[in-house]
Amino acid sequence: MGRRAEQETEVTLTVNGRSRTVRVDNRTSLLDLLRERLGLTGTKKGCDHGQCGACTVHIGGRRANACLALTVAHDGADITTVEGLADGTGELHPLQQAFVRYDAFQCGYCTPGQLCSAVAMLSEAGPSAVTDDLTTEPALTPGEIRERMSGNLCRCGAYPNIVRAIDATVTP
Amino acid sequence: MRSFAYARATDASEAVAAYRPNAAYLGGGTNLVDLMRLGVATPDSLIDVTGATSGQIDDHPGGGLLIGAAVRNSDLAADRRVRERYPMLARAVLAGASGQVRNMATVGGNLLQRTRCPYFQDVSTACNKRSPGSGCQAQQPGAETENLAILGHSAACVATHPSDMAVALTALGATLHASGPGPGSPEHAIAMPGLHRLPDASPERDTVLAPGELITAVELPPPPPGRSTYRKVRGRASFAFALVSVAATLEIADGAVASCRLALGGVAHAPWRCQLAEQALEGQPATAGTYASAAARELRAARPLPGNEYKVTLARNLIAAVLEELSS
Amino acid sequence: MSRTEGPQKVTGQARYAFEYPADDVAYCFPVLSEVACGQLASVDDSDALAMPGVLRVLHSGEPGAYGLTGSFELAIFSSRDITYRGQLIAAVVADTLENARAAAAAVRVSYQPAPHDTVLRLGHPTLYRPEKINPAFQTDTGYGDVDAGLAEAAVTVSVTYTTPAEHNNPMEPHAAMAAWDPGGQTLTVWDTTQGPSADRDTIASVLDLPPERVRVISPHVGGGFGSKGTTRPTPILAAIAAREVGRPVKVALTRQQMFTLTGHRTPTIQRLTLGAAADGALTAVAHDVTEHTALRTEFAEQTAVCTRVMYGTPAMRTTHRLARLNVPRPAWMRAPGEAPGMYALESAMDELAIALDMDPVELRIRNDTRAEPDSGLAFSSRHLVECLRDGASRFGWDSRDPRPGVRPRGRWLAGTGVASSTYPAKRMPSAATVDLVEGGYLVRVAAADIGTGARTALGRIAAQALEVATEDVRVELGDSALPRGSVAGGSMGTASWGSAVALACEALLKDGQHGEADTTQDVAADAKLARHSFGAQFAAVLVDPATGEVRVERLLGVFATGKIIEPVLARSQFMGAMIMGLGMALMERTAVDQSVGGFMGTDLAQYHVPVNADVPDVEIAWLEEDDPHLWPGGGKGIGEIGITGTAAAIGNAVYHATGRRIRDLPITPARLLAPTA
């Protein structure tokens, strides 16, 4: 069963600081690349259609749904997953610590996506759908956190603790 | 997903020249990849245009803005000039999707995203948009119509256009710049409203674009006078498509409506510019009564489906409520 | 206190079923029926087999080809009968996910369709009385003279409430990886299950293997809410695919496929008839339920059993009728029975309070009871009244103006509502061992932690029993090779496994090295008492009458559920269930399309679960109960009671805000703005 060569592409990505070169079926999502080829199963598949946020990673430092990202379209990209949030010295990222402290998860399946989403969200400037005054940089109130984190579903209902954990990181 | 060849275009002419039947332009992929995985879209070749058009927002001579088609939604909404001068547009973009999707989605792709009608998305049901002549399951008795059209629909199709940004651009009277189809075709302009079609007998065509035509930029005229906003009503507080949405600009002088722009989302195959309501408002006293009757005037033409009659009430109420909000 | 597996979960190291490494693994992608009723005429797999990477196509074209025995749902590919749209009829096994999925679209299926019937309605021609209702309750009960009670009532309320089909939608899709040993004799399945022991037994039975030759491994489960409480086709499919291709095979259902293959909550049509004297004392209560089941297999949700325990009344009737439809078999979804039943009962009680011009909290207190009205069994403990009073005090209920529709706040109308909550407190037999090992103690039980914190709670129970620090105890669960554990369901997990763990610890203290326990005898000897948790929930909402938008400003739950093992875990459980109740009240609904013949809107963009922005800070409180009739740990189970009161509390608040009573969930803008008849 051969495959036509034009339907595969060699791609090089930096994943959690490490350069990875892979030859992929063009149909391979970044999500499936991470989970099935690179052994990085921390990023989760919840819906495969950009509707739940469980697959949230950083592409070029910005949060994105890995399920909707075709690997071939991100040649040269810098990817960070939940496995890359801790600083490498063994110390968890402050948000990871806050999630543990505030019990901001239950089954844990949406958690990697929540963490990647929250870390990136904290450096997103500008208003949100709930901001009254578009012309100033809004303070990150719990209401702002809720709206900005609404792209990450949690069926276990850990939302109030997620908000508390993020809030605690922002205003220690 | 059908297997496909992939290539990146570095400019618009390269993209347009590479286009052939069964190819698709790839922006952020937030709708196209979704549709490919559902089997609704089956291109055999993807032409990545995220680097083929401008990713910048430039000041346009004449006081408007020129927004490259490759600008990401989140960058558009975060731009100072958009926030300060076109708050309706900023709010519309911020109301759409999620933070993650807004980071990936391009302006061009947002305009061309396809309906979320459940029958369009399910390849095992009859859909004239997906498969011309196969029928419209949404118009069968007992179909799920809560999110479908109340205006401008046809016997062939009752789908709605899901983009919030497009509603704002419709109210603002934006102009699209496009290249192609075919190499050597000159750049040309398409006014909004006017990009998106009503379904008529050929719902397979969402827009007036010919296959291979590529949107390169969105040109905003100088901001209309008055206060403006965008309001979206949906079944949960965030991350959901509009049941009905309104983009509105209102200018009041001496207690009367000096000018007004109104567009509705969630009600038709295209963003719905409320020409009848705008006419009914101009020069009239800026009162709740005027707003309500203008809204009623616009919705008189509504033909709801069994199951979405509420949208007529919602659209009328929302227009009136938004105009009152802009008056206070 | 933090969850034992917290560090693994926040670093992405916790593995779920699809995520275990295996050499040479192949991927399996299911094919589902597009027709709702009839026969599979033929399956043409020639195109699919010709596609890149395809190893095998399994299908129902040759029934019985895979030697499976069991229920219609689990003996897959054994019949040509199609009884619902979305039934599993074929599957492709290939070398990559992309190749399997692409080839699945190329499998050509032809059907002999038959007329289908998918919509529940009163008077449906197939309505019948099931022999019993889930899990083993009497279908119909009654005592006293309901008609006489209604006739002598000062006020009667007779209303019909409807709830839609709902889906559990855990974040982790159902998935499994199966690997046979080289001789093809023993099978290991990495599954996502609420009960590894039961799952192992079922898989073995369907495959006609002795149970000891099957092992189920499931240490982390990405939510279940009932949908992983019984075996689903996924591990069976993975197992036979692995056997066919001689390689480990993994399969994950798409979110869309989950809607027909992993259970759902039946829609309900519930008639509530209440009669009361002028002082609020109930004179008659009738709760008549109509719901659906699959054509071939029965599941009868016990929707009216809550009415049998809640309020004292001299006359009562409860009935359940099922319509057989072309739908998948409904199954457990968080608080089966109590969730839809309490919505209707607690909404009708609110309507009764208004008809009596009586405070809704006082009406409930007026009808408190010391024994189960239906059976006469004494409650082992019951503190409904205390929960209502405590909640009312915390909520500021005393200053409430009962008039509806009179509290504008800008474009909104504000309102508040109250509802009782209840859930049974039972335990099931379980086994456990505990051993003194290097560094501490090792507790082993085939329990499941599906996000409840069971691993952590069991560690706490053991540490207390052994009188050591929690850091000195390690808990192993989620593996059928461990001592037999009951299913994580019915809020029975902690009581069931905890009983066994506590006894095992006692045994170790005597032995010094090892302790083991099996609670089967103990559980059988449990005195016949009515054991239930009770609670009260309060909601404050804002409703925009122009748009129909509803926002929940405040949610409070006060619960009496015995002793709380671990406060942080308890708070998360109560809160999580209440948030699911918010979803049930305002947005959750799976549409059934009769023309298509099945569920529509089967993804997470169309089936709305609450997002972060929907949820206010949820306030939780509890009243500890010292109930000597429970297991030694004294807890009653807490995972489900939260969902049983929220929908009614919110619906009652919507009425209070607007004067509009919506009796059809979910309370969406479409419902609030619908043309009134």
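Letters A, B, ... mirror the listed sequences (proteins, then strands); counts begin at 1.
- With a threshold of 4.5 angstrom between heavy atoms, C:Ile667 does not approach chain B through any atom at all.
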Query raised in the report: Could you go step by step and tell me if B:Arg37 and C:Thr254 meet the side-chain hydrogen bond (donor to acceptor under 3.5 Å, both in side chains) rule?
Result: CA-CA 11 Å; B:Arg37 200 164 281 141; C:Thr254 66; over 6 Å; no
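- Of all non-hydrogen atoms in C:Ala591 and B:Glu144, the two that sit nearest each other are CB-OE1, 3.3 Å.
- To the nearest 0.5 Å, the span separating CD on B:Gln140 from CG on C:Asp593 amounts to 9.0 Å.
- Comparing C:Arg671, C:Glu34, C:Glu98, C:Gln594 by heavy-atom pairs within less than 4.5 Å of chain B, the highest count is held by C:Glu34.
- Between chain C and the options B:Leu318, B:Thr125, B:Leu314, B:Val123, heavy-atom pairs under 4.5 Å are most frequent for B:Leu314.
- In terms of modelled atom types and a separation under 3.5 Å, the side chain of B:Asn317 and the main chain of C:Thr547 share no donor-acceptor contact.
- Within the 4.5 angstrom heavy-atom criterion, no atom of B:Ala321 approaches chain C.
- Residues C:Arg85 and B:Ser124 have side chains in contact (heavy-atom distance under 4.5 Å, counting atoms from C-beta outward).
- Side-chain atoms of B:Tyr119 and C:Val596, non-hydrogen and from C-beta on, do get closer than 4.5 Å to each other.
- For the atom pair OG1 of B:Thr313 and CG of C:Leu672, the computed distance is 12.0 Å after rounding to the nearest 0.5 Å.
- Residue C:Glu549 touches chain B through its side chain alone, counting heavy-atom pairs closer than 4.5 Å.
- For a residue to count as touching a neighbouring chain, one of its non-hydrogen atoms must lie under 4.5 Å from one of that chain's; by this rule C:Asp544 touches chain B with the side chain only.
- Between B:Leu38 and C:Gln256 the shortest side-chain heavy-atom distance falls below 4.5 Å.
- Between chain C and the options B:Ala240, B:Gly142, B:Ala320, the largest number of non-hydrogen pairs under 4.5 Å is found for B:Gly142.
- The structure places OG1 of C:Thr602 at 9.0 Å from CD of B:Gln121, a figure rounded to the nearest 0.5 Å.
- Residue contact with chain B, scored on non-hydrogen atoms closer than 4.5 Å, involves the backbone and the side chain of C:Ala546 alike.
- In terms of heavy-atom proximity, C:Pro669 sits nearest to B:Gly235 at CD-CA, 4.5 Å.
- The shortest non-hydrogen separation linking C:Val609 to B:Arg236 is O-NH1, 2.6 Å.
- For chain B, the option among C:Asn612, C:Val611, C:Val550 with the highest count of heavy-atom pairs below 4.5 Å is C:Val611.
- A pairwise comparison of heavy atoms in C:Gly601 and B:Pro118 identifies N-CB, 4.5 Å as the closest pair.
- When side chains are defined from C-beta on, B:Glu146 does not count as touching C:Gln606, because their heavy atoms never get closer than 4.5 Å.
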